[in-house]
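Structure, as structure tokens:
First listed ligand is number 1; within each ligand, the first listed atom is number 1. Quick caveat: nothing in here was measured; it's all calculated off a predicted structure.
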Amino acid sequence: MHTNLRLKNATLNPASPPVAWAVRQNDYGSDENRSPLATVIQDHGRLDGVQRVLFGSGLQFWLHRLLFLDALSYLSHGQLSLSLERWILVDIDDIFVGERGTRLHEEDVSALLASQAALQRLVTGFRFNLGFSAKYYHHGTPLENRGDDALLKNREHFTWFCHMWNHQQPHLYSNVTQLETEMMLNKQFAIEHGIPTNSCYSVSPHHSGVYPVHEPLYEAWRKVWDVKVTSTEEYPHLRPARLRRGFRHRGVMVLPRQTCGLFTHTLLLERYPGGRQRLDRSIQGGELFQTVINNPINIFMTHMSNYGNDRLALYTFESVVKFLRCWTNVRLASAPPLALADKYFQLRPDELNPLWGNPCDDVRHRRIWSRSKWCGSLPRVLVVGPQKTGSTALHTFLALHPALAPNLPSPSTYEELQFFNNNNYLKGLDWYLNFFPASLSNSSQISFEKSATYFDGELVPRRAHALLPTAKIIIILISPSKRAYSWYQHIRSHGDPVAKNYTFHTIITANDSAPKPLKDLRNRCLNPGKYSHHLERWLAEYSAHQLHVIDGSLLRAEPAAVMNTLQKFLKLTPLIDYNKLLKYDPKKGFFCQVTSGEKTKCLGKSKGRIYPPMEERSAKFLKRYYTPHNTALSKLLVRLGRPVPQWLKDELSNG
Ligand SMILES: Nc1ncnc2c1ncn2[C@@H]1O[C@H](COP(=O)(O)OS(=O)(=O)O)[C@@H](OP(=O)(O)O)[C@H]1O
């Protein structure tokens, strides 16, 4: 079905009359596109009850894309519909910054106002949003300086936001005070010239400091300008554009910015890269048009110089808006950034929490990443737990290896950083990086981190993979029943009020009508032991060869053998003989680190506690409870070609 002709002659399904179909001839666009395009057919599905919309020529043709969206909405009875509301904000960046000879004259400002008035008739509430760097005010030719004055004279017709005073990239400043001082200069200028200072919006030259996050920028913005919203094309990456997202950090909402094809180097319509035809294609159904169709909220960045000369930007926006109004029913509107940010995160609340990537994994990000920071020392090994499986012992053993370096201890979370699983993550990447000093990245040591709560943390695998995609993940598994009991003893001895009030048996057997604190404790006690479920979540992010599963019973009984295998998995050199480093301590009942001579250094009292054995009825309950999970674990380990630990075989035996 490639032409109208064939389509006309086709009988889609003779037994299913009438077949409604639509034919459109592509009479729009260049000559090469003029051949008849077949097109879209609707099958009412009278024969088999399945309604269909069939496309004859793929989705390359822009109109077909619109029809495809309509078809989805139609066939799903509106359930797969996009709203027709489209929000547009056009930032004009670099006000006063442009080079001499490229800046606005008085007539350009008049044209800007006229164009804004024309756009306001098509886009409700439209106003150009002007970002200024005041250091360059009056730095043009005499005619251009009159252009600067015309902008200021008409200031109340526009909305305004601060850019950097001197257009300097914020990541080049390591000092908040310096940034604040320069922002204050811009603010002073705004106050003197009656420019409004309350938009709560700002952007940064070349996205510097916004993402990857430069903490001093966020701090100075908040202090000087009360910035609550910014925008960037860089989160998580520039490309692909359709995957750009927003996030919130330190109270600043970062919105994704879209590309409109206008840059500082695109000064003239007639010299547009690829020719005017290319820009027209983008406007008339192409990239720019599709961008507005695909994004409910569009923030476009343009530059002062796009509005001078032959006023490329005015042509672009007026044309695309007219085209959209002509060919679609979208309702175009504009609003100040703060209102747009609220709308954006109402639509996408799941994006509020950021997902930090490694700035060094993207060349563009590396360029706007402060020189005073580093990323080479980020951990390449994560010991993820779960809790009470011997993770502290393993951490101590790993730290004995000369090729490995643990993170610095945290004063607030002690030996564990607990970055990926809780609110420390929202403190930002710098917080985490500070535990892995830059000196590590120059040495031959590999850094590692152990936080035993990572294993079952819902968000952890995804967050860890975003930052450490090549890391090796180490998991220790012991009998989930024993783990649950050890955990109960652990929190009880830490004075947990619920654990103190209830027996282990009451907690594990609590049903869903039990009081909430009891149910919560039951879940925290039992859920980490659903090993296969959590392993699958890790496997959804990391490939199997990055995961190493340790049998916790072996770690306890034969740590040297376990460490030997682990060293090979981590490809560590030199291979260390742990038989020389560890020794069984009969008093402690565990292997401990050999210090001098016959002496050993063991873990503290909180590891290897003495507590009564588990009640028989609890052991029976847990064995039944964990059977489906243990069965799934056994199958999973076989599927991965990993050994099935003896404790797992025992748990699955009938005895
Ligand atoms: N070498 C050595 N020394 C001391 N303890 C050892 C060792 N090997 C394994 N274990 C077992 O580790 C249990 C504590 O596990 P974790 O370190 O993962 O606990 S925590 O989650 O970090 O709190 C701890 O659990 P409890 O016996 O219930 O205290 C020990 O059984």
- Query: Which word best sums up how the rings of Phe504 and Tyr488 line up, parallel for under 30°, tilted for 30 to 60°, or perpendicular for over 60°?
  - Reply: tilted
Would you say Arg556 touches ligand 1, if touching means a heavy atom closer than 4.0 Å? yes
Original post:
Is Lys623 salt-bridged to Glu651, cutoff N-O under 4.0 Å?
Top reply: no
the protein heavy atom lying closest to atom 20 (S) of ligand 1 turns out to be Lys607 NZ, 3.4 Å
Any nitrogen or oxygen of Gly608 lying under 3.5 Å from a nitrogen or oxygen in ligand 1? Just yes or no.
yes
re atom 25 (O) of ligand 1, the protein heavy-atom contact at minimum distance is Ser486 OG, 3.6 Å
- Is the side chain of Tyr235 donor-acceptor paired with the backbone N or O of Pro212 at a distance under 3.5 Å, no angle test? no
Within the 4.0 Å heavy-atom cut-off, what Leu603 brings close to ligand 1 is side chain
*asked:* Test your reading of the model: is there a side-chain donor-acceptor pair from Arg348 to the backbone of Phe247, 3.5 Å cut-off?
replied: no
When distances are taken from atom 1 (N) of ligand 1, the protein heavy atom at minimum range is Phe591 O, 2.9 Å
Numbered in order shown, the ligand 1 atoms found under 4.0 Å of a heavy atom of Ala393 are 1 (N), 2 (C), 7 (C), 8 (N)
Sequence neighbours excluded, the answer for side-chain contact (heavy atoms from CB on, under 4.5 Å) partners of Arg371 is none
Atom 11 (C) of ligand 1 sits nearest the protein heavy atom Gly390 CA, 3.9 Å
| Do Tyr173 and His214 have ring centres separated by under 6.0 Å? | no
* May I ask you to say whether Arg248 pairs ionically with Glu351, meaning some side-chain N is under 4.0 Å from a carboxylate O? => no
Per-atom filter on ligand 1: closer than 4.0 angstrom to a heavy atom of Tyr611 are 26 (P), 27 (O), 28 (O)
When distances are taken from atom 21 (O) of ligand 1, the protein heavy atom at minimum range is Lys388 N, 2.9 Å
Notebook entry, point to check: Can you tell me if Lys450 has a non-hydrogen atom under 4.0 Å from ligand 1?
Noted result: yes
Output yes when the distance from some N or O of ligand 1 to some N or O of Leu555 is under 3.5 Å, and no in every other case. no
Under 4.0 Å from one or more heavy atoms of Gln387, ligand 1 contributes atoms 21 (O)
- Message: Closer than 3.5 angstrom, by distance alone: can the side chain of His548 be matched with the main-chain N or O of Ile476 as a donor-acceptor pair?
- Response: no
Applied to residues 547-648, the disulfide bond (SG atoms under 2.5 Å apart) test, sequence neighbours excluded, yields Cys592-Cys602
If you scan protein heavy atoms around atom 17 (O) of ligand 1, the nearest is Thr392 OG1, 2.5 Å
If we number the atoms of ligand 1 from 1 as shown, the ones under 4.0 Å from a heavy atom of His490 are 23 (O)
task: State yes or no: are the ring centers of Tyr584 and Phe590 separated by less than 6.0 Å?
output: no
At a 4.0 Å cut-off, with the gap strictly under it, does some heavy atom of Tyr485 reach an atom of ligand 1? no
Practice problem: Could you tell me whether some N/O pair between Lys588 and ligand 1 is separated by less than 3.5 angstrom? | Solution: no
heavy-atom search around atom 7 (C) of ligand 1 in the protein gives Phe590 CD2, 3.3 Å
Without swapping roles, check the side chain of Tyr542 against the backbone of Pro461 for a donor-acceptor pair under 3.5 Å.
-> no
Atom 18 (O) of ligand 1 sits nearest the protein heavy atom Ser391 OG, 2.6 Å
*Any chance the rings of Tyr211 and His365 have centres within less than 6.0 Å?*
yes
